[in-house]
Protein chains: 2
Amino acid sequence: MSVSFEQMRAARPGVFSPQCATRLVLDHVMSRWGVLVLWALTGGTKRWGTLRRDVEGISEKMLAATLRQLTADGLVHRDARATVPPHVEYRLTERGQELMALMLPLMEWIANNADEIATPQPAP
Amino acid sequence: MSVSFEQMRAARPGVFSPQCATRLVLDHVMSRWGVLVLWALTGGTKRWGTLRRDVEGISEKMLAATLRQLTADGLVHRDARATVPPHVEYRLTERGQELMALMLPLMEWIANNADEIATPQPAP
DNA sequence: CGGTATCCGCTTCGATACTG
DNA sequence: CAGTATCGAAGCGGATACCG
């Protein structure tokens with residue numbers, strides 16, 4: 001099963017410690033909206049408005065925060081042209097594409113298995 | 001790059017809609033603690049106490065909640081023996097192993113690239 | 001040992017309104 | 001068009017105490 005938890009921990013003690021960078025990146029990349037924004041960008045370069053529509057349910061605030069975070073992480077590139085009206089494009093960096101190449105099969109599996117997993121909401 | 005966002009959306013309209021099961025599963029599997037617990041279980045069958053130690057920083061409440069969720073999702077199997085003191089084991093189900101087989105390469109990439117990504121905390 | 005129950009702060013988030 | 005500002009509401013998550 002590739003490199004398991006124990007093997008990873010043996011090779012790199014502390015990868016799991018709460019202060020480790022791995023945790024930070026996990027929180028950004030695997031966050032509620034992070035995945036969805038990254039996923040949307042696998043469709044190629046997109047503008048703010050398109051992302052807002054593609055990532056259904058995201059608020060402007062969260063889209064802004066997520067994009068800022070992912071841009072700071074070097075996973076997304078922001079291209080702003082000083083025109084009126086403004087024209088801003090977002091796309092995956094090379095690093096972002098590396099990441100998504102690994103993430104996409106996972107998303108595909110989830111999309112295919114979601115219905116069988118789908119925990120019915122416990123009645124309140 | 002495998003199946004992109006647009007291709008997926010074309011093939012299955014609504015996979016992204018907020019009510020879709022895909023979203024639910026994403027929230028469980030890609031949650032802060034979900035990933036880490038699943039990751040820890042790639043090391044094989046483990047007991048509560050071991051998980052508590054392996055997933056550094058998790059509280060008892062969140063470990064319980066996460067395990068209950070993942071068990072309900074059919075990704076983790078709970079094996080309780082009615083002995084004194086109690087002996088409870090957790091392990092990945094077959095479905096869970098399928099998932100983690102796809103997730104591990106991703107985790108490995110993140111662990112390897114975390115330091116370069118690692119956004120320095122913005123000064124307050 | 002392996003949990004559940006309760007309380008509660010503190011972040012997160014969404015809605016709305018506003019700006020360059 | 002592409003955001004920022006502000007403000008409540010919700011819920012995430014930790015600490016503590018207790019149970020089988």
Side-chain angles (χ1 to χ4, degrees), chain A residues 16-19 23-24 26-37 40-41 45-72 76-91 119 121-124, chain B residues 16-19 23-24 26-38 40-41 45-73 76-91 119 121-124:
Chain A
F16 282 94
S17 65
Q19 317 81 343
R23 285 284 187 95
L24 260 183
L26 273 177
D27 281 351
H28 300 167
V29 163
M30 315 278 268
S31 71
R32 177 176 188 67
W33 298 117
V35 214
L36 294 174
V37 169
L41 287 175
T45 300
K46 286 188 182 169
R47 302 181 60 178
W48 167 277
T50 311
L51 283 171
R52 180 108 171 73
R53 261 174 286 113
D54 281 356
V55 182
E56 295 178 42
I58 198 171
S59 68
E60 295 195 345
K61 178 179 175 179
M62 290 319 294
L63 179 56
T66 305
L67 283 172
R68 238 181 294 125
Q69 184 67 76
L70 293 175
T71 302
V76 168
H77 178 76
R78 180 178 189 276
D79 193 357
R81 311 195 188 155
T83 59
V84 178
H87 185 99
V88 184
E89 291 182 344
Y90 294 93
R91 57 181 164 82
T119 309
Q121 302 299 346
Chain B
F16 282 93
S17 65
Q19 318 82 342
R23 285 285 187 96
L24 262 182
L26 273 178
D27 281 353
H28 299 168
V29 163
M30 314 279 266
S31 71
R32 176 176 189 69
W33 299 116
V35 214
L36 293 175
V37 169
L38 287 170
L41 286 175
T45 300
K46 286 188 183 171
R47 301 181 60 178
W48 168 277
T50 311
L51 283 171
R52 182 109 170 70
R53 262 173 287 114
D54 282 356
V55 183
E56 296 178 42
I58 197 172
S59 68
E60 294 196 344
K61 179 179 174 178
M62 290 320 294
L63 178 56
T66 305
L67 283 171
R68 237 181 295 125
Q69 185 67 75
L70 293 175
T71 303
D73 288 345
V76 168
H77 178 74
R78 181 179 189 275
D79 193 357
R81 309 193 191 156
T83 59
V84 178
H87 185 98
V88 183
E89 290 181 346
Y90 294 92
R91 57 181 165 80
T119 308
Q121 303 300 346

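When reading the values below, keep in mind they use all heavy atoms of this one structure, side chains included, and skip hydrogens, waters and symmetry mates. These numbers were taken from a predicted model, which means no experiment stands behind them. Protein chains get the first letters and strands the later ones, always in sequence-line order, with residue 1 at the start of each.
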Quick check for you: among D:dC1, D:dT4, C:dT4, whose closest atom lies nearest to any side-chain atom of A:P86? D:dC1
Taking five pairs at each end of the helix from C:dC1-D:dG20 to C:dG20-D:dC1, what angle separates the two helix axes (nearest 10°)? 50°
If you check the B:R47 side chain, which of D:dG3, C:dG2, C:dG3 turns out closest? C:dG2
Using OP1 and OP2 only, check whether a side-chain N or O of B:R78 sits under 4.0 Å from C:dG3. yes
Flag, side chain of B:T50 to backbone of B:K46, donor-acceptor distance under 3.5 Å: no
Tell me: CG of A:L51 to P of D:dA2, nearest whole Å? 9 Å
Could you measure the distance from the NE2 atom of B:H77 to the CD atom of B:E89? Nearest 0.5 Å is fine. 9.5 Å
Grab the CG-C1' distance between B:D27 and D:dG11 for me, whole Å please. 13 Å
From B:S31 atom OG to A:R32 atom CZ, the distance as rounded to the nearest 0.5 Å: 11.5 Å
Interatomic distance where CD belongs to A:E56 and P belongs to C:dG14 [whole Å]: 14 Å
Distance in angstrom units between A:R53 CZ and D:dG3 P, rounded: 14 Å
B:D79 CG to C:dG2 P, straight-line distance once rounded to whole Å: 12 Å
Let me know the distance between CG of B:L63 and P of C:dT4, rounded to the nearest Å. 10 Å
Between B:D79 and B:R91, is the closest basic N to carboxylate O distance under 4.0 Å? no
Measure the distance from OH on A:Y90 to P on D:dC1 and round it to the nearest whole Å. 14 Å
Side chain to side chain, B:L51 and B:L67, heavy atoms closer than 4.5 Å: yes
Would a 4.5 Å heavy-atom cut-off, applied to side chains only, mark B:W48 and B:E60 as touching? yes
Under 4.0 Å: is that the gap between some side-chain N or O of A:R68 and OP1 or OP2 of D:dG3? no
Is there a donor-acceptor pair closer than 3.5 Å between any side-chain N or O of A:R52 and the backbone N or O of A:I58? yes
With the side chain of A:E60 defined as its heavy atoms from C-beta on, choose the nearest nucleotide among D:dT4, C:dC1, D:dA2. D:dT4
B:T45 side chain reached by B:Y90 side chain, heavy atoms, under 4.5 Å: no
Nearest-Å distance for atom pair CZ/C1', residues B:R52 and C:dT4: 14 Å
4.5 Å side-chain heavy-atom contact, A:R78 and A:V88: yes
What N/O pairs connect the protein and nucleotides 13-15 of chain D at under 3.5 Å? Give each pair on its own line.
{"unit_1": "D:dG13", "atom_1": "N7", "unit_2": "B:K61", "atom_2": "NZ", "d": "2.8"}
{"unit_1": "D:dG13", "atom_1": "O6", "unit_2": "B:K61", "atom_2": "NZ", "d": "3.1"}
{"unit_1": "D:dG14", "atom_1": "OP2", "unit_2": "B:S59", "atom_2": "OG", "d": "2.9"}
{"unit_1": "D:dG14", "atom_1": "O6", "unit_2": "B:K61", "atom_2": "NZ", "d": "2.4"}

So B:R81, base contact, sugar-phosphate only, or nothing? Heavy-atom distance under 4.0 Å. nothing
